[in-house]
Amino acid sequence: MKKLDMLYEGKAKKVFKTDVEDVYIVDYKDDATAFNGLKKGTILGKGVVNNRMSNHLFRILEEEGVPTHYVEELNERETAVKKVEIVPLEVIIRNVSAGSFAKKLGIEEGRKLLCPTLEFSYKDDALGDPFINDYYALALGLATREEIDRITELVYKINEVLCKYFAECGIELIDFKVEFGRHHGQIILADEISPDTCRLWDINTHDKLDKDRFRRDLGNVEDAYQEVFKRLGL
Ligand code: TMP
């Protein structure tokens with residue numbers, strides 16, 4: 001497969017065209033941002049961890065019946081993926097109170113929720129990805145009812161598979177964000193699943209093993225990414 005022109009450079013990844021129909025190459029960077037790009041930094045080795053970890057999880061999810069954009073890992077930082085039209089929704093599941101949920105509701109971080117919650121943000125950097133609901137998404141034409149129902153079904157399945165898998169690795173999945181795309185009329189999982197997009201706590205000590213270490217200046221950021229990588233057997 002030949003890597004052609006760069007199509008897009010995001011905060012953490014670059015996307016390239018290829019000579020294969022419907023296939024793009026994603027290249028993971030070590031760049032890290034938080035608070036909608038206000039805070040900038042580098043997490044050495046993050047691109048490798050996120051690329052390989054995301055691919056590993058996508059392969060597990062595929063086996064469990066979740067369709068994904070994953071095609072083939074090309075090297076440490078690059079992966080071939082199916083071309084999709086991204087649904088402009090950040091889809092977030094929470095199992096335990098943390099982050100913006102804890103802040104908004106005045107609840108301590110770490111309280112186990114009685115059931116997982118699902119929320120949507122409108123993917124729009126200029127607006128700071130505002131919280132919306134499915135009525136807003138329908139009214140703005142961001143997705144159809146059928147697409148939202150399918151996304152809901154898939155994200156709960158993803159949560160079930162990932163909670164079980166991470167627990168086997170000594171990690172509690174506190175919350176996560178995923179994105180979906182349209183591929184030949186089908187909704188498939190796209191983007192990435194990594195310590196950038198999940199809250200991952202040590203199951204016993206509750207040590208944070210994710211991007212909150214960067215967001216909150218907690219130190220040992222690189223170590224946390226490497227620890228997750230190791231626990232997943234990567
Ligand atoms: P939040 O508590 O800040 O709303 O974050 C919820 C989850 O979404 C958490 O696992 C981190 C992830 N997330 C992203 O992947 N990208 C983002 O831009 C933000 C704000 C959160």
Side-chain angles (χ1 to χ4, degrees), residues 9-13 26 28-41 43 46-47 49-51 53-54 57-58 61 68-69 86-113 115-133 136 151-152 154-156 158-163 165-167 169 171-181 189-203 206-218 221 224-225 228 232:
E9 178 161 8
K11 286 179 281 206
K13 299 188 280 293
V26 179
Y28 286 75
K29 306 189 286 184
D30 284 351
D31 298 353
T33 64
F35 315 118
N36 202 17
L38 240 63
K39 182 182 172 98
K40 290 189 177 67
I43 302 174
K46 174 171 87 79
V49 170
N50 288 10
N51 179 45
M53 172 171 168
S54 195
L57 297 176
F58 277 33
L61 288 165
T68 79
H69 73 170
I86 286 285
V87 177
L89 294 173
E90 299 206 335
V91 183
I92 298 163
I93 288 258
R94 300 177 192 272
N95 298 301
V96 175
S97 160
S100 67
F101 180 94
K103 195 168 174 196
K104 184 162 36 180
L105 299 170
I107 295 172
E108 76 281 9
E109 286 206 316
R111 190 201 292 185
K112 174 94 183 128
L113 303 175
C115 55
T117 63
L118 168 62
E119 73 195 54
F120 300 113
S121 292
Y122 176 29
K123 248 178 85 66
D124 185 312
D125 279 341
L127 297 174
D129 301 335
F131 186 101
I132 61 166
N133 63 22
Y136 282 34
I151 285 171
T152 302
L154 288 174
V155 78
Y156 274 102
I158 292 166
N159 187 45
E160 198 186 299
V161 172
L162 293 186
C163 277
Y165 178 69
F166 278 122
C169 303
I171 293 170
E172 187 171 12
L173 179 60
I174 303 301
D175 56 31
F176 65 94
K177 181 271 298 180
V178 283
E179 297 180 21
F180 293 88
L189 178 64
D191 195 50
E192 67 179 276
I193 301 180
S194 70
D196 274 16
T197 63
C198 301
R199 285 198 174 90
L200 304 168
W201 292 4
D202 181 282
I203 213 162
H206 305 308
D207 277 351
K208 296 185 196 323
L209 300 172
D210 57 64
K211 194 177 167 189
D212 270 350
R213 301 205 74 86
F214 169 78
R215 294 189 188 101
R216 304 179 186 188
D217 295 321
L218 299 175
V221 184
Y225 280 72
V228 172
L232 266 52

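Counting starts at 1 for both ligands and their atoms, following the listed order. From a predicted model like this one, the values you see are computed outputs, not experimental measurements.
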Notebook entry, point to check: Checking side-chain contact (heavy atoms from CB on, under 4.5 Å) against Thr68, which of Asp191, Leu189, Ile193 comes through?
Noted result: Leu189

Check: Does a salt bridge link Asp210 with Arg199, judged by any charged N lying under 4.0 Å from a carboxylate O?
Finding: no

Margin query: Checking a contact table here: which protein heavy atom is nearest atom 17 (C) of ligand 1, and how many Å away?
Written below: Glu90 OE1, 4.3 Å

Next item on the list: Below 4.0 angstrom from a heavy atom of Phe176, which ligand 1 atoms are there? Numbered from 1 as shown, please.
Entry: 10 (O)

Next item on the list: Taking all heavy atoms of Gly99 and all of Glu109, pick out the closest pair and write down the distance.
Entry: N-OE2, 2.7 Å

Notebook entry, point to check: atom 8 (O) of ligand 1: which protein heavy atom is closest, and how many Å away?
Noted result: Lys177 CB, 3.4 Å

Next item on the list: Return a yes/no value for Asp129: is any of its N or O atoms, backbone included, closer than 3.5 angstrom to an N or O of ligand 1?
Entry: no

Checklist line | Distance filter under 4.0 Å to Asp175 heavy atoms, resulting ligand 1 atoms | finding: 7 (C), 9 (C), 10 (O)

Checklist line | Protein contact for atom 19 (C) of ligand 1 (heavy atom, distance under 4.0 Å) | finding: no

Notebook entry, point to check: Of the choices Arg215, Arg199, Lys211, Lys103, which has the non-hydrogen atom that lies closest to atom 21 (C) of ligand 1?
Noted result: Arg215

Margin query: Please classify the Asp196 to ligand 1 contact at 4.0 Å (heavy-atom distances, strictly less than): side chain, backbone, both or neither.
Written below: backbone

Next item on the list: Counting heavy atoms only, name the option from Ala102, Gly99, Ser100 that's nearest to atom 1 (P) of ligand 1.
Entry: Ser100

Only distances under 3.5 Å count here; give the side-chain donor-acceptor pairs of residues 122-131 to other protein atoms, sequence neighbours excluded, each with its distance to 0.1 Å.
from, atom 1, to, atom 2, distance (Å)
Lys123, NZ, Glu179, OE1, 3.3
Lys123, NZ, Glu179, OE2, 3.4
Asp124, OD1, Ala126, N, 3.0
Asp124, OD1, Leu127, N, 3.1
Asp129, OD1, Asp124, N, 2.9

Notebook entry, point to check: salt bridge (Lys or Arg N to Asp or Glu O under 4.0 Å) with Glu90: which residues, sequence neighbours excluded?
Noted result: none

Check: Going through the checks in order, is the side chain to side chain donor-acceptor pair (under 3.5 Å) test met by Asp196 and Tyr225?
Finding: CA-CA 9 Å; Asp196 274 16; Tyr225 280 72; 2.5 Å; yes

Check: Can you check whether a protein heavy atom sits less than 4.0 angstrom from atom 11 (C) of ligand 1?
Finding: yes

Check: Where does the angle between the aromatic ring planes of His69 and Phe58 fall among parallel (under 30°), tilted (30 to 60°) and perpendicular (over 60°)?
Finding: tilted

